[in-house]
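Accompanying notes for the structure given below.
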Amino acid sequence: MTAAEHLAFSCNLHGVPADPTALGDLADVPAGDLSRGQRQRLHLIMALQSRADVLLLDEPFTALDAEATAWLEGELQRHPSAMVMSLHDPALAARMCDRPVT
């Protein structure tokens, strides 16, 4: 399955429309051919498009390059869901979290 097909499947399970434009140039790539960072980005897009009330994110920035990290920071700051994240980077936690806990 391609990245777009994975996204469509995930969104269908959650009863929400998929927005494959969020995948950019990854949309037509077979998921098995994605790098670790690209797979991480696909999974994050799937989670963000699920419209869940609460997102639990375990090290969501792992394996992301600088461009994808900046993208994710922006997406998480605009996302309406409540989030619980585990992060090992204290500076990132301070930037991303309303209530960091150590």
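- Using a 4.5 Å cut-off on side-chain heavy atoms (C-beta onward), Arg41 and Leu34 make no contact.
- Residues Pro60 and Leu87 are in side-chain contact: their nearest non-hydrogen atoms beyond the backbone lie under 4.5 Å apart.
- When side chains are defined from C-beta on, Leu76 counts as touching Met85, because their heavy atoms get closer than 4.5 Å.
- Interatomic distance, Met83 CE to Leu57 CG, rounded to the nearest 0.5 Å: 6.5 Å.
- The local environment of CD in Glu67 is sparse, with at most 12 non-hydrogen atoms from other residues, nucleotides or ligands closer than 6.0 Å.
- Glu75 is not listed as a side-chain neighbour of Ile45, based on a closest heavy-atom distance of 4.5 Å or more.
- In terms of hydrophobic clustering, with Ile, Leu, Val, Met, Phe, Trp and Tyr side chains grouped at heavy-atom distances under 4.5 Å, Met1 and Leu13 are assigned to a common cluster.
- Proximity of Glu59 to Ser86: side-chain heavy atoms (C-beta onward) are separated by under 4.5 Å at one or more points.
- Dense packing is recorded around CG of Asp65, with more than 12 heavy atoms of other residues, nucleotides or ligands lying under 6.0 Å away.
- The closest side-chain heavy-atom distance from Leu48 to Leu55 is below 4.5 Å.
- Atoms CG and NE2, on Leu23 and His6 in that order, are 11.0 Å from each other to the nearest 0.5 Å.
- At least one side-chain heavy atom of Phe61 sits less than 4.5 Å from a side-chain heavy atom of Leu92.
- Considering only heavy atoms from C-beta on, Arg51 comes within 4.5 Å of Pro17 through its side chain.
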